[in-house]
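Below is one structure, written out as structure tokens; the observations come after it.
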2 protein chains.
Amino acid sequence: MGTSERKEREKERKKAMMLEAAEKVILEKGLDQLNMDEVASRAEVSKGSLYLYFKNKTELVLGICEKASKLFAEEASKVLTKNLPGIELVVMLGQSFLNFVREHPEYFRSMKFFDNLKESEALADSEYIVRCQDNIQNSFTCMVRAIQIGMQDGSINDDYDPRELAVLLWGTSDGIVNLAYMQQNCPHYELMQDHQISLESVFENYIKLIGGGIATDGKKNKKINDS
Amino acid sequence: MGTSERKEREKERKKAMMLEAAEKVILEKGLDQLNMDEVASRAEVSKGSLYLYFKNKTELVLGICEKASKLFAEEASKVLTKNLPGIELVVMLGQSFLNFVREHPEYFRSMKFFDNLKESEALADSEYIVRCQDNIQNSFTCMVRAIQIGMQDGSINDDYDPRELAVLLWGTSDGIVNLAYMQQNCPHYELMQDHQISLESVFENYIKLIGGGIATDGKKNKKINDS
DNA sequence: TTCCCATGCTGACTTTGAGTCATTTTTTGA
DNA sequence: TCAAAAAATGACTCAAAGTCAGCATGGGAA
């Protein structure tokens, strides 16, 4: 009986259509202008149907966030397959993050929404929350792995705890990437427009600064000597 | 005729009461639960009065953001008066930022709200936006000054452009401070809860990493030799 | 003291948009 | 072919943002 399978697929397809409609609205008008009636009409379904698939507006956005965090986690795990020194993997992860945000500002926006949820919003009882957390955790684990690889191959200074260093890199790169997002999407954000500072060179310096700090830079290559 | 002056002060006092009421609500329930009727009743005025002082909900939050950004700018300029090497001023600015967010999460929240405004929200025509931008610009200038002082006194490597370095430090410390905010205010944020990583040590390592990267650390103390 | 006007204040009302549900349409399997 | 189940609909309810016609107050002129 392949009927139920086809039905299942059809359901997924519709859900995807609704998410895509919502993404477009966010891209065009911003998250705060997202309106359920408009999403419904753009997805060519009734409002009732929309609520059949997503129990409220929060879950609709979390649906986007799930896609976003999954996509990025895939990106991150792809980076890890490359045969490169750990330090370069770390740099590539940062670069992927930046590209991701530039290519999908609406995804980054939905992830910020996720970040700022409070328990007050029907939070604990949502499957989406759990899946988003999982995906983010996976990306984070990629960062930890890259650092561990680097410590193993001697390209990264092993004075630090790998997980702690990962948190540090996660936080700082989120900050830098957020600058990029705001420069691109928030016209009133003036920190960089005023002066003629390019994000390219800021990011380059970020890599140089952080990279310099965590790399072994020829001082103590014990691991390299071993191999 | 001191009457109009007293009236003016009275108006300011009421405005401050309304802002305080709104801050309390944000602190207790979060920004997304902020509700104009509740603010009005807590401030012991009618809804109509509230709208007499703030033309909409967005401006009310921007009013808080104005206070917040002003407070922080004052904090930052206080740091600059200290008679210390530039590098230590930079570290103190970072530390102040972290303390600020810990002590006033609702202020940080309102600044995030400001950051994420789109032009769609009656944006260009708001006096608040301009004042917030000014205050933030002032804080940023403090960071630039601290860096310039450090380059002058030889405690900071002058390979970088001061403004570009300031953007870099601004972005990264915003990211780190954001981690602190989330850990404190968003129960679903699991990046650090899972592992037993303390924010203290992450921040310490942040200072060590960045500080190490920008400090002259005895390699090229040309300016120090001069004096 | 009394009245008048300006300014400030009020809360009932309008509007908008999230979320619901009784009803209709479509699909499925007998 | 048809009845029961599943899916879809959009008019409705309800909460909260935002408005406005009328009320209160207080300071100055008669």
Side-chain angles (χ1 to χ4, degrees), chain A residues 1-19 21-22 25-26 28-64 113 117-118 120-123 125-126 128, chain B residues 1-19 21-22 25-26 28-64 113 117-118 120-123 125-126 128:
Chain A
M1 197 190 288
T3 320
S4 67
E5 271 175 46
R6 186 166 60 249
K7 242 185 179 176
E8 201 55 40
R9 258 185 295 122
E10 182 59 14
K11 256 181 154 181
E12 285 306 312
R13 200 186 58 82
K14 282 203 179 149
K15 207 166 180 173
M17 296 291 280
M18 294 172 186
L19 286 175
V25 176
I26 294 176
E28 286 169 29
K29 306 191 178 178
L31 181 56
D32 27 53
Q33 297 294 316
L34 186 69
N35 152 285
M36 296 300 265
D37 292 85
E38 189 178 352
V39 172
S41 85
R42 286 221 204 185
E44 291 176 311
V45 294
S46 69
K47 200 176 185 180
S49 275
L50 187 52
Y51 277 92
L52 226 63
Y53 288 79
F54 300 95
K55 83 166 187 276
N56 53 40
K57 193 173 163 179
T58 299
E59 290 230 328
L60 179 65
V61 180
L62 289 181
I64 299 173
F113 174 84
L117 284 180
K118 286 223 142 200
S120 49
E121 318 217 18
L123 192 146
D125 49 344
S126 164
Y128 285 103
Chain B
M1 198 191 284
T3 318
S4 67
E5 270 176 47
R6 185 166 61 249
K7 251 185 178 172
E8 199 55 39
R9 258 186 293 123
E10 182 60 13
K11 255 181 153 181
E12 284 306 312
R13 201 186 58 80
K14 280 202 180 150
K15 207 165 179 172
M17 295 292 280
M18 293 172 187
L19 287 175
V25 176
I26 294 175
E28 285 168 30
K29 307 191 179 179
L31 180 57
D32 27 54
Q33 298 294 317
L34 186 70
N35 154 285
M36 296 301 265
D37 292 84
E38 189 179 351
V39 172
S41 84
R42 286 221 202 185
E44 292 177 310
V45 294
S46 70
K47 202 178 186 177
S49 274
L50 187 54
Y51 276 93
L52 226 65
Y53 287 80
F54 300 95
K55 82 167 186 277
N56 53 40
K57 194 173 161 179
T58 298
E59 290 230 327
L60 178 64
V61 180
L62 289 181
I64 299 173
F113 174 83
L117 284 179
K118 286 224 142 202
S120 49
E121 317 218 19
L123 191 147
D125 49 343
S126 164
Y128 286 103

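Throughout, a chain's letter reflects where its sequence line sits, starting with A, and its residues are numbered from 1.
Considering only the side chain of B/Asn56, D/dG18 comes nearest among D/dA7, D/dG18, D/dA16. Candidate nucleotides D/dA16, D/dA8, C/dG17 were compared by shortest atom distance to the side chain of A/Asn35, and C/dG17 ranks first. When each of D/dA8, C/dG8, C/dG17 is scored by its nearest atom to the side-chain atoms of A/Leu52, the top-ranked nucleotide is D/dA8. Side-chain proximity of A/Lys47 to C/dG19, C/dG8, D/dA17: nearest is C/dG19.
If you check every strand for non-hydrogen atoms under 4.0 Å, A/Leu50 touches nothing. As judged by a 4.0 angstrom heavy-atom cut-off over every strand, B/Leu34 is placed among residues touching the sugar-phosphate backbone only.
With rounding to the nearest 0.5 Å, the separation of CG in A/Asp32 from NZ in B/Lys118 is 8.5 Å. Distance CZ/B/Arg42 to CD/B/Glu28: 4.0 Å, rounded to 0.5 Å.
Looking at B/Glu10 and B/Arg13, a side-chain N of the basic residue comes within less than 4.0 Å of a carboxylate O on the acidic one, giving a salt bridge.
Atom CD in A/Glu8 sits roughly 17 Å away from atom P in C/dT27 (whole-Å rounding). Rounding to whole angstrom units, CG of residue B/Asp37 and C1' of D/dA15 are separated by 9 Å. D/dG10 atom C1' lies 15 Å from atom CE of A/Met36, rounded to whole Å. One atom, NZ of B/Lys15, and another, P of C/dG8, lie 13 Å apart when rounded to the nearest Å. At whole-Å resolution of the value, OH in B/Tyr51 and C1' in C/dT14 are 13 Å apart. Atom-to-atom, CD of A/Glu59 to P of C/dG19 comes out at 10 Å; the value is rounded to the nearest Å. The separation between B/Lys14 atom NZ and C/dT10 atom C1' is 12 Å, rounded to whole Å. The OH-P distance, from B/Tyr53 to C/dT7, rounds to 14 Å in whole Å.
One cannot find a donor-acceptor pair under 3.5 Å joining the base of C/dG19 and the side-chain atoms of A/Lys57. If you check distances only, the side chain of A/Lys55 never reaches the base of C/dG19 with a donor-acceptor pair under 3.5 Å.
B/Tyr53 is not listed as a side-chain neighbour of B/Glu59, based on a closest heavy-atom distance of 4.5 Å or more.
Remark: B/Ser49 is in phosphate contact with C/dT10, judged by side-chain N or O atoms under 4.0 Å from OP1 or OP2.
Summarising the local packing, CE of B/Met17 is surrounded by 12 or fewer heavy atoms from other residues, nucleotides or ligands at distances under 6.0 Å.
Heavy-atom distances to DNA chain C give each of B/Lys11 and B/Gly48 a nearest nucleotide, and the one nearer the 5′ end belongs to B/Lys11.
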